Amino acid sequence: MTIPSAPLLNLTGIQAGYGEINVLWGVDLTLARGEITALVGSNGAGKSTLMRTLSGLIVPTAGRIDWAGEDLCGQSPAQILARGIAHVPEGRRLFSSMNVEDNLLMGAYARKEPRAAIRRDLDRVYATFPKLHERLGQAAGTLSGGEQQMCAIGRGMMSAPRLLIIDELSLGLSPLLVEQLVEALRSLNREGLSILVVEQDVITALELSTSAFVMDMGRIVQSGRSAELMHDPAIRSAYLGALAA
Amino acid sequence: MLILQILLNAIVLGSLYACIAAGFSLVWGVLNVINLMHGSFIVLGSYLAWGAYKALGVAPWTSLLIAAPVFFILGYGIQRGVLNRVIAAPVLVTLTLTFGLDLILNNAMLVAFKADYRQLVLDPSLGSLSVGSLVVPVDRIVAMIFSLLLTLALFFVLRRSRVGRAIVAVRMDRDAARLMGVDVPSIYATAFGLGTAMAGCAGVLLAMIFPISPIASGSYLGKAFVVCVLGGLGSVPGAVVGGLFLAIVESFGSLVLGPENAVTLSFGLLIVFLIVRPQGLLGKRGFE
Amino acid sequence: MAEVLVLEKVSRRFGGVQALQGVSLSVGSGEVLGLIGPNGAGKTTLVNVVTGVRSASAGRVLFEGRNITRLQPFQTARIGLARTFQIVQPFPDLTVLDNVAAAALFSQRGTRLSEAREFAAEQLEFVGLGQFAAKSAHTLTLAMRKRLELAKAVAMKPKLLFLDEVNAGLNASEVDHAMVLIRQIAKRGITIVLIEHLMKVVLTVCSRIVVLQNGALIADGTPQDIVNDRRVVEAYLGKKYAQLSAARG
Amino acid sequence: MKQRVYYGALALLVLLGCLPFLDSSYALRIGTFACMYAIMSVSWTVIGGFTGYPSFATAAFFGLGAYCGGVLINKGWPLFAAAGAAGVVAFAGALALGLVLLRLRGHYFAIASLAVAEVLRELTNTATELTGGGMGLNIPVSVTGSSSVMGEASFFFWAMWALLLLTFIVVRLIQESKLGFGLVCIKQNESAADMIGVNATIYKSLAFAFSGVFVAMAGALYAAWVHYIEPPDVFDVLFAVKPIVMALLGGLGSPAGALLGAFAFLGIEEAVWRNYLQIHSGVLGLLVVVLLLFLPDGMMSISKRLSQLGGRRG
Amino acid sequence: AQEVIRFGAPLPLTGPLAPEALKQQQGYDLWAEQVNQAGGMKVGSKKMKVEIVYADYQSNTPRAVQTAEKLITQDKVNFLFSPFGSGAAKAASTVSEKYGVPTIASTASSAEVYDQGYKFLFGTFTPNDTLTTPLVKIVKQKAPEVKRVAILARNDLFPLAIAQEMDKAAKQYGLDVVFFEKYAINTMDHSSALSQIKAKAPQWIFVTGYINDLVLIKKQMEDQKMQAPVVTMIAGPAYKEFVTATGKTSENISSAAWWHPAERYQGQDIFGSTENYTKLFREKYKAEPDYAQASASVSGALFQMAIEKAGSLDRKKVRDELAGMSVQTFYGPVKFGPNGQINSLEPPVFQIQNGQPVVVYPAAIKQGDFRLGVK
Ligand SMILES: Nc1ncnc2c1ncn2[C@@H]1O[C@H](COP(=O)(O)OP(=O)(O)OP(=O)(O)O)[C@@H](O)[C@H]1O
Ligand SMILES: Nc1ncnc2c1ncn2[C@@H]1O[C@H](COP(=O)(O)OP(=O)(O)OP(=O)(O)O)[C@@H](O)[C@H]1O
Ligand SMILES: [Mg+2]
Ligand SMILES: [Mg+2]
């Protein structure tokens with residue numbers, strides 16, 4: 001067994017919401033460095049809200065986000081991105097009339113590296129998603145649902161993050177593509193990228209990740225190593241549905 | 001010969017139209033704001049050139065160096081301070097807001113400069129070039145060259161620079177752009193500043209050519225509208241093509257149908273274009 | 001089994017992209033047909049062409065024997081074609097009830113608003129959104145919005161219903177619930193074309209499955225045939241899936 | 001809440017109908033203007049508020065109506081027949097135009113509708129035979145039969161007032177009807193509306209036509225009232241912009257709001273105009289800006305805020 | 001406190017006509033200042049000061065009518081000056097007639113304004129043909145070789161009316177009108193029309209419009225190197241700004257107006273003589289007066305003479321005094337015809353010579369001879 005690595009990110013008592021509506025009620029969560037972590041939970045549990053809080057789109061009303069000893073609460077998305085956290089939001093949110101390549105380049109907007117480095121990453125995204133290469137001049141808004149998802153993930157990869165957050169990883173993707181994507185993420189992870197995925201398909205989530213958290217009603221209700229959770233009867237009955245049972 | 005002369009007039013005039021419209025098109029296409037102050041900004045630029053020439057003897061093309069930063073800052077400030085507050089609101093709200101702001105700006109100019117027409121008369125006058133029986137006024141050529149240069153500069157800023165891409169990104173999805181590390185309010189303000197700077201510079205150049213008065217703002221705005229739609233929203237090369245196209249249609253329309261129909265023709269053309277080709281001559285389909 | 005919908009060599013291009021190429025297909029009355037295929041295969045485009053949102057570049061679409069290739073969306077809606085959107089499209093500021101009432105009102109001639117509301121309320125109960133009737137649609141969560149899409153589609157009393165990824169983004173138990181609904185809709189005699197990437201749904205609900213790839217039909221058969229079709233496995237399901245189903249036998 | 005605003009607006013309207021008994025022809029003139037603008041802004045809500053298409057065609061309808069009315073009255077038509085004809089022409093024209101223009105969305109539609117007024121104005125300008133062109137059109141005929149100052153003023157006031165009442169009622173009926181429901185669906189999501197069987201093209205064109213018919217009739221009354229019209233005057237872009245500001249002031253999308261907004265706006269404008277001679281347009285601009293920045297939902301948001309405050313206290 | 005006489009002046013202080021409004025205002029103000037400096041005007045036994053109540057009608061005709069009504073009923077003015085131009089004056093005259101308020105229109109020339117049979121409306125501009133006919137006569141006489149005339153007119157009430165009069169007069173005197181076109185009000189550029197004119201090689205180019213149009217057209221004529229023996233522009237050259245804005249190229253441009261500072265009239269009015277008026281105006285505004293300002297001032301002066309003669313503020317009496325009036329003023333002899341429009345005035349024709357406007361007609365006051373050749 002590997003020695004548990006040093007925590008990358010540590011959330012304590014995060015409360016956040018939209019205006020007067022509170023959604024997160026004190027979330028505590030620790031991400032290990034260099035791991036793939038999964039976050040699962042029913043619709044409306046607050047998963048996306050938590051992701052938005054992490055990337056600075058929402059400012060939490062209480063709690064602390066600890067990143068290498070620094071509190072990220074209240075920092076702007078740009079500052080958080082500069083620390084190395086990239087967020088692939090739910091619903092893709094592509095720049096719809098920009099073409100695919102420009103969308104990907106926007107991912108590298110905040111990087112101040114030479115063009116060649118950015119170019120290399122671009123080629124890697126194309127290698128991961130050959131379909132995107134075929135469509136590189138097409139306006140992102142006219143891509144099919146699944147192609148858009150690829151473009152969004154590719155755009156996240158382009159910011160060369162240390163932690164990549166992906167909300168709704170497999171949404172609308174074909175089984176084959178999910179499989180390929182999982183492979184791609186694993187290989188990125190092997191190169192040192194930490195990943196946090198939100199995923200509705202619990203089996204995929206648990207197979208991909210090393211550890212996982214379960215969220216409900218704005219709180220973390222369960223956590224552990226993915227392999228163990230996979231066999232947890234409570235999880236199986238709540239989230240795997242009739243077929244798995 | 002008459003045909004050639006009219007074509008020549010149209011080409012020169014068209015590039016002035018392009019300069020009038022480029023900034024307007026940028027703000028409209030990118031910020032999704034129809035800036036009704038655009039005409040007044042142009043007039044203000046003309047006053048700046050007029051004042052600089054009258055008081056200090058500074059030639060208009062030199063005044064550009066002052067006008068560009070001054071107007072950029074003006075636009076940046078207006079966007080940051082006022083427009084940004086409602087930037088996410090529906091079309092009508094921002095439009096009406098700029099309408100209100102324009103009332104203020106125009107009234108202020110009316111009080112400050114009075115309504116009477118002024119003219120920047122270059123001394124000595126630049127005269128006209130003639131080739132055979134064709135003539136072109138030199139001041140228009142100067143204005144044309146500078147306006148094409150300015151438009152080109154704007155084009156490169158938008159197309160080639162990081163800021164340019166960010167401007168387009170913000171336009172399409174604010175939150176997603178924020179996630180890419182874009183400082184949204186400052187990008188908006190930069191875009192508006194660029195548009196305002198273009199208006200100011202256009203005004204400086206036009207001061208050599210057209211009489212100056214706060215009242216003129218309306219017709220500049222009208223031209224900007226038409227050119228922008230003809231060329232394609234937010235497209236800088238589109239502004240050039242649209243400007244030329246409009247000038248040619250107006251000039252030949254005036255020849256064939258009589259001058260009183262030139263304005264009708266341009267607005268008729270606008271409607272036809274909106275219907276058959278809303279993306280304009282150079283605009284891409286799918287841009288909203 | 002009579003044929004409700006027939007596609008004859010339907011093609012559609014977008015610039016350089018051949019989104020559909022010569023697709024011929026017939027859907028029998030009362031059938032629950034699965035339509036699957038890789039991302040970008042042209043599934044949504046097919047729905048768009050049939051419902052009149054996009055025009056076909058070539059080919060014909062017949063609905064109950066009538067050529068509907070040139071009809072507008074509102075016209076197809078009135079003759080009994082309904083669809084849900086892959087990306088849900090409610091009327092955000094209307095109440096949930098009015099969303100459904102609108103569907104009932106405009107799809108059938110001569111309905112009155114009060115009747116439409118009554119009918120809509122029934123449909124909301126049917127999909128389990130009864131207690132949200134008075135809420136604005138934009139306050140619903142994704143799962144509920146998907147159900148709202150279903151209610152709207154059903155309220156149109158369609159003969160043929162396209163369900164475009166109604167289960168995407170739902171968790172397992174919500175998917176189970178949705179499957180029950182789909183079965184009930186089918187029982188009402190409504191023909192269903194189901195587009196879905198969740199194989200467990202497709203395999204359990206559909207009696208027949210067709211597979212699109214790069215705009216062309218590559219397979220057509222029972223769920224069992226499809227799972228064992230080598231081309232489908234390579235292009236769509238993936239090796240892992242094949243292993244899994246092989247293991248299950 | 002909505003019903004209350006509606007009845008409030010109706011009550012105000014009825015009250016306004018008593019204006020002639022004040023026996024001040026100046027007040028009557030303002031009242032007539034108020035009714036005229038209210039007709040415009042209430043009509044505008046059909047296309048701009050219900051349907052969500054930012055129309056700037058009000059000036060076009062108004063000018064068209066004024067010239068139709070003016071020309072017909074000069075040909076010897078009685079006033080109400082001329083006004084009716086103006087309405088019919090505008091309705092038919094808008095319906096036909098709507099079929100093409102309303103394919104455009106958002107800004108594109110706004111500009112196209114703005115351009116319609118420009119084109120009509122220039123056409124009127126050039127059709128000298130019919131309209132007098134740049135020389136303007138005199139409508140010297142007294143159509144009221146009353147020669148007294150107050151008699152004529154009251155006549156036009158009541159005519160305009162009655163037209164406003166009619167407009168208001170018709171627009172409310174539209175709002176409650178299947179047409180109104182369909183328009184709201186179109187506003188919310190046009191492609192989804194299409195998919196459930198709303199014939200969006202026809203619906204939008206009808207909305208456009210209804211937003212024009214009463215405005216054109218008001219234009220005809222206006223022409224008879226002022227006895228002299230000229231193209232830059234009746235096709236003035238302000239006739240397109242002000243109704244929108246009024247509707248925004250009242251709270252977008254509600255006819256009662258538009259009505260109240262029109263009265264409020266004219267009240268403010270009148271006050272500003274009287275008190276700030278040189279800078280009244282600047283002050284007006286400032287008001288518009290302040291309004292938009294601090295009352296984004298118009299006057300409706302005042303009452304909302306008040307009730308919020310009350311709620312918190314209670 | 002001393003009693004005041006209130007004059008209402010609805011003006012287009014904002015909008016496209018704003019420059020005109022300013023001129024009107026200057027004219028009225030100068031007169032009011034003179035009266036008040038002299039301690040007011042004599043009404044019967046009293047001396048009464050003058051106050052002018054301005055109201056802006058935003059260059060919008062119906063608003064002008066409303067404004068006139070407001071001035072009469074709310075601000076309780078005793079007398080009224082018409083709004084600017086024939087259209088608005090005509091529209092507003094209904095109101096003043098209704099209330100029986102004597103009104104002087106200082107900028108309305110169209111006969112239709114006065115032919116409504118109204119009793120309380122008077123105007124200080126003669127009909128438009130009195131401007132064009134003398135011009136044609138002079139050119140006929142001075143340059144019989146001039147045959148081909150091109151007319152370019154702004155498609156707007158006054159400029160168009162003048163152009164039509166010109167067309168009539170030219171034809172009547174046997175000239176050949178080779179080009180007669182209108183340009184739209186919002187025209188920003190005239191190069192196409194001018195190229196067309198140039199191609200017709202006219203000997204007389206006659207252009208009407210407001211000052212901005214004319215400045216621009218002159219500049220563009222120069223740009224296109226257009227020359228003609230006679231170039232006439234109405235109404236720009238009467239204004240000082242025109243000469244400033246066009247510089248040397250305005251040399252020999254001819255024009256006509258209802259008044260000109262170069263005239264030399266001796267009057268019984270408060271200003272005494274044209275020279276004195278011009279002097280006072282220069283002192284107050286550091287600029288040359290033009291016909292618009294003078295017409296405004298004389299309108300005030302005429303009211304003053306009528307009121308002093310009537311010895312009362314009674315509107316009816318003052319109206320009768322105006323109707324029967326026959327006086328000399330700095331503006332020229334004033335006598336109103338039966339319809340209220342002035343008929344005693346012979347509008348001067350003048351020409352820019354050496355950067356100065358010089359009166360060339362009528363003979364009685366002429367300062368120089370008509371010259372040919374405009375570059
Ligand atoms: N913009 C918003 N304004 C107000 N409430 C919101 C907003 N977005 C989400 N919510 C509410 O916050 C709660 C949590 O939503 P969130 O999107 O975080 O859930 P989730 O776990 O990501 O669900 P899903 O699996 O559907 O994506 C829900 O009740 C939702 O209605
Ligand atoms: N307007 C358009 N312009 C250009 N290409 C388009 C347009 N619409 C769709 N396409 C292309 O056509 C192909 C088919 O798209 P479609 O949306 O039908 O795929 P799909 O089968 O529904 O995929 P998914 O499962 O990902 O939703 C895609 O490659 C897409 O990029
Ligand atoms: Mg989510
Ligand atoms: Mg799809």
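Keep in mind it's a predicted model, so treat the numbers as computed, not measured. Letters A, B, ... mirror the listed sequences (proteins, then strands); counts begin at 1.
Taking D:Asp194, D:Ile196, D:Val198, D:Val184 one by one and counting their heavy-atom pairs under 4.5 Å with chain C, the maximum is reached by D:Ile196. Across C:Leu113, C:Asp98, C:Val53, the residue that shares the most heavy-atom pairs under 4.5 angstrom with chain D is C:Asp98.
Interface residue C:Ala102: backbone and side-chain heavy atoms are both found under 4.5 Å from chain D. Contacts between D:Ser191 and chain C at a heavy-atom distance below 4.5 Å involve backbone atoms as well as side-chain atoms. When heavy atoms are compared at a cutoff of 4.5 Å, C:Gln72 does not approach chain D at all. Heavy-atom distances place the backbone of C:Pro90, and not its side chain, under 4.5 Å from chain D.
Annotation for C:Phe106 and D:Cys185: closest pair CE1-SG, 4.3 Å, computed over non-hydrogen atoms. The two atoms that bring C:Phe85 and D:Ala192 nearest to each other are CE1-CA, 4.1 Å, heavy atoms only. C:Arg83 and D:Met195 make their closest contact through CD-CE, 3.3 Å (heavy atoms, listed as atom of the first residue, atom of the second, distance). The two residues C:Leu105 and D:Lys178 make their nearest non-hydrogen contact at O-NZ, 3.5 Å.
The side-chain heavy atoms of D:Ile202 and C:Phe74, taken from C-beta on, include no pair separated by under 4.5 Å.
Judged purely by atom type and a 3.5 angstrom limit, C:Gln89 has no side-chain atom pairing as donor or acceptor with the backbone of D:Asn189.
More than 12 heavy atoms of other residues, nucleotides or ligands sit less than 6.0 Å from atom CZ of C:Arg13.
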**Request:** Go through C:Gln75 and D:Asn199 one step at a time and tell me if the side-chain contact (heavy atoms from CB on, under 4.5 Å) criterion holds.
**Result:** CA-CA 8 Å; C:Gln75 291 168 316; D:Asn199 188 345; over 6 Å; no
